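A short worksheet on the structure shown next.
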Protein chains: 2
Amino acid sequence: MIVSRDQSCRFQLLPSVPITEMSPRCSTCTMGQLCLPMGMSQQDLARMDTLVQERIRVQKGETLYRMGDPLAAVYAVRFGTLKTHVTTEDGRSQITGFYLPGEIVGLDGLGEMQHASDAAALEDTEVCVVRLNDLQSLSADLPSLQHQFLRLMGKEITRDQLMLVMLGAMRAEERLAAFLINLSERLSARGYSASEFVMRMSREEIGSYLGLKLETVSRLFSRFAEAGLIQIRQRHVKLVDIAGIKELYSRSC
Amino acid sequence: MIVSRDQSCRFQLLPSVPITEMSPRCSTCTMGQLCLPMGMSQQDLARMDTLVQERIRVQKGETLYRMGDPLAAVYAVRFGTLKTHVTTEDGRSQITGFYLPGEIVGLDGLGEMQHASDAAALEDTEVCVVRLNDLQSLSADLPSLQHQFLRLMGKEITRDQLMLVMLGAMRAEERLAAFLINLSERLSARGYSASEFVMRMSREEIGSYLGLKLETVSRLFSRFAEAGLIQIRQRHVKLVDIAGIKELYSRSC
DNA sequence: CGACCTGTTGACACCTTTCAACTCTTGTGG
DNA sequence: CCACAAGAGTTGAAAGGTGTCAACAGGTCG
C-alpha cells in the first residue's frame with residue numbers, strides 16, 4: 001500500500017501493523033515504565049496485553065488524526081516523534097505538544113469525544129492503538145488501569161499549565177532554555193543522552209510551540225552557542241553547560 | 001468559627017455546610033445542566049445525590065486548597081467565583097483559570113494526586129465537595145458518571161490548549177477581546193446577561209491570566225471604550241458591540 | 001475622613017517581530 | 001554525478017508592541 005507523503009491520510013489508509021507473537025506486548029515493552037502500564041503489578045500487566053490489538057505506522061509528515069475526527073482511540077507512541085497542533089476558527093494555528101515514545105496522544109479529544117488537534121509525525125513513527133471501548137471495559141475491572149489513565153490525563157493538564165506559565169510569564173530566552181532542558185530530560189528518561197541529541201522539529205515548529213517566530217528561535221540558538229551554553233549544527237544540539245541553561249530561566253526576579 | 005481573611009486556610013478550618021433535607025441535591029441543583037450531572041438520566045441523577053456529602057464556604061480572598069496539598073476531592077462551584085494559580089519553583093506565578101458556578105476545580109491535581117495549583121475565592125463562594133473515593137466507587141457502577149468525568153477532564157485540556165493559542169499566537173488586544181467574549185458566554189450560559197456583568201477579578205488578575213501587565217489591560221479597556229465597543233466603570237462592564245469585539249480577534253491574517 | 005488598594009495615563013526603553021537578503025542543506029532530475 | 005530548485009536556517013536593520021517606571025485619580029473600607 002502506497003500513501004503519498006504530502007497527502008492527508010485518513011485513519012483507515014494508514015498501514016496497520018498486526019501484533020504477532022514476536023512483537024512486544026505491553027508486558028514486555030521497554031516503554032512500560034513511562035507509558036500506560038507504569039507501576040502496574042505483574043498480574044495486571046498480563047491483562048494489559050489484551051488492550052493493544054493494533055499498531056499504526058505514521059511516516060514522516062503524515063497525519064495520524066485530524067481535528068474534528070471522531071475519537072475512537074488514543075495512541076501510545078512506540079517509537080518516533082509526533083506533534084499536535086490546534087487551529088482556531090480564525091485560522092490561527094499553534095503546536096501544542098511534541099510526543100516522545102511512551103507518551104499518549106489524543107487525550108485532548110475526550111472533552112467532545114472528537115479530536116481537538118491534528119497529530120502529525122516528525123519522523124517515521126509507530127503508535128499503539130488504545131481503543132476507548134476496550135479501555136473502558138478493561139478499566140472497569142482493572143482499577144489500576146483506570147487510576148493510571150486518570151493520572152495521565154492529569155499529567156496532560158499539568159503539562160499544559162506549565163506551558164501557560166512559560167507563554168504568559170517567560171521571555172523568549174527563558175522559554176527556549178526551558179524547552180531545551182525539558183526535551184533533554186525526557187530524552188534522558190528514555191535512555192538517550194541528556195546532553196546531545198537531535199531535535200526532530202524545525203525552528204518554525206519550535207517557535208510555534210513556544211509562541212515565538214522562527215527567526216527569534218534561530219537568533220537565540222546562535223546566542224546560546226556564542227555564550228558557550230550549547231553547540232548547535234542544524235538540528236543536532238549539544239548542551240555544554242546545562243546548569244547555565246537552567247539559570248537562564250530559574251533565576252527570575 | 002472565625003478564620004482571618006489574609007491567612008492561609010487549611011481544608012479542615014474552612015466552614016463545612018452540612019447537606020440538609022432542605023438544601024438542593026444534584027438532582028435539583030440549578031447548575032445540573034452545566035455540572036457533573038450534565039446529560040444524565042433521571043435514574044442516574046438520583047444516585048448522584050449520594051455523591052456530595054458536604055459543601056464548603058470559601059470567603060473572598062480565602063484559599064480552598066494549595067499547591068502540593070494531597071488531593072482528596074475535587075470541587076464543583078455552587079455559587080461565587082474561584083481562581084487557580086500556579087507558582088513555579090523559580091517564583092513565577094500565573095493565574096491558570098477562573099471558575100464559575102457549575103465548573104469543576106481541582107482536576108489538575110489528578111496527575112500527581114496532589115493539587116497542582118492554589119485555588120482562591122474572588123468573592124464569597126460555596127463549593128460541593130466531590131470526594132475522589134466516592135467518585136471512583138460510584139462511577140464503577142454508574143458508567144454515565146465515569147464518562148462524564150472523563151469528558152470534564154477532556155474539556156479542561158481543551159480549555160488549556162485554547163489558552164495556549166491565545167498566549168502564543170494572539171496579541172494583547174486579541175487576548176482581551178477573547179477573554180471578554182468567553183466570560184460573556186459563560187455567564188450567559190448561567191442565566192446572567194451576556195452584555196453586562198461585573199468582572200470579579202482585578203486588572204492584575206486578568207493580566208496574569210492573559211500573560212499581560214495590568215497597565216496593558218487597563219489601557220486596552222480604555223481603548224475598547226473609546227472605540228465604542230464597551231462601556232466600563234471599574235469592574236462593571238457592558239459589551240456594547242459584541243460583534244465588533246469578536247472581530248478584534250476573529251479576523252486574523 | 002483618611003489610608004490604602006485599585007485603576008488610569010504618560011513617557012520611554014526594550015524585546016520581539018517584520019521584512020529582506022543571503023547561505024547552507026537536501027532532494028530531484030537531467 | 002552535477003546542476004538546480006526548494007526548503008531550512010542565519011543574520012541584519014528597522015518598526016512596533018508591551019513592559020517598566022512613575023505620578024496621579026478614584027474607590028473602598030476601616
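Letters A, B, ... are given to chains in the order of the sequence lines, protein chains preceding strands, and every chain is numbered from 1. Source: prediction; values computed, not measured.
At a threshold of 4.0 angstrom between heavy atoms, the contacts of A:Ser202 are confined to the sugar-phosphate backbone, with no base atom among them. Backbone-only contact: B:Gly211 has heavy atoms under 4.0 Å from sugar-phosphate atoms and none from a base. Among the heavy atoms of the strands lying under 4.0 Å from A:Leu214 is at least one base atom, whether or not backbone atoms are also near. Across all strands, B:Glu215 comes closer than 4.0 Å to base atoms (heavy-atom distances).
At whole-Å resolution of the value, CG in A:Leu210 and P in C:dT17 are 11 Å apart. Straight-line distance from the CD atom of A:Glu205 to the P atom of D:dG7: 15 Å, rounded to whole Å. Distance, A:Met170 CE to C:dT16 P: 13 Å, rounded to whole Å. With rounding to whole Å, B:Arg200 atom CZ is found 12 Å from D:dT28 atom P. Between the CZ atom of B:Arg92 and the C1' atom of D:dG19 there is a distance of 15 Å, rounded to whole Å. Whole-Å rounding puts the B:Lys60 NZ to C:dC5 P distance at 14 Å. Between B:Glu204 atom CD and C:dC5 atom P there is a gap of 12 Å when expressed in whole angstrom units. At whole-Å resolution of the value, CZ in B:Arg223 and P in D:dT18 are 8 Å apart.
Screening A:Thr87, A:Thr96, A:Asp108 against A:Ser117 for a side chain to side chain donor-acceptor pair (under 3.5 Å) leaves a single residue, A:Asp108.
Taking 4.0 angstrom as the limit, B:Ser218 places none of its side-chain polar atoms (N or O) nearer than this to OP1 or OP2 of C:dG7. For the OP1/OP2 pair of D:dT10 and a distance below 4.0 Å, the side-chain nitrogens and oxygens of A:Ser222 include no atom meeting the criterion. Applying the 4.0 Å criterion to OP1 and OP2 of C:dT8, one finds that B:Arg203 has a side-chain N or O inside that range. Considering only side-chain N and O atoms, B:Arg235 lies under 4.0 angstrom from the phosphate OP1 or OP2 of C:dG7.
Contact check for A:Gln231 versus A:Val237: no side-chain heavy atoms found under the 4.5 Å cut-off.
Interface remark: the B:Arg219 side chain does form a donor-acceptor pair with the C:dG10 base, using a distance-only criterion of under 3.5 Å.
Between A:Glu156 and A:Arg159 there is a salt bridge, since at least one side-chain N of the basic residue sits less than 4.0 Å from a carboxylate O of the acidic one. Using a 4.0 Å cut-off between a side-chain N of Lys or Arg and a carboxylate O of Asp or Glu, B:Glu103 and B:Arg186 qualify as a salt bridge.
Position along DNA chain D of the nearest nucleotide to A:Val217 versus B:Arg175 favours A:Val217 as the more 5'-ward residue. Taking the nucleotide of DNA chain C with the nearest heavy atom to each of A:Arg171 and A:Gln234, the more 5' of the two is matched to A:Arg171.
The two residues B:Glu205 and B:Phe98 have their closest heavy-atom pair at O-CZ, 3.8 Å.
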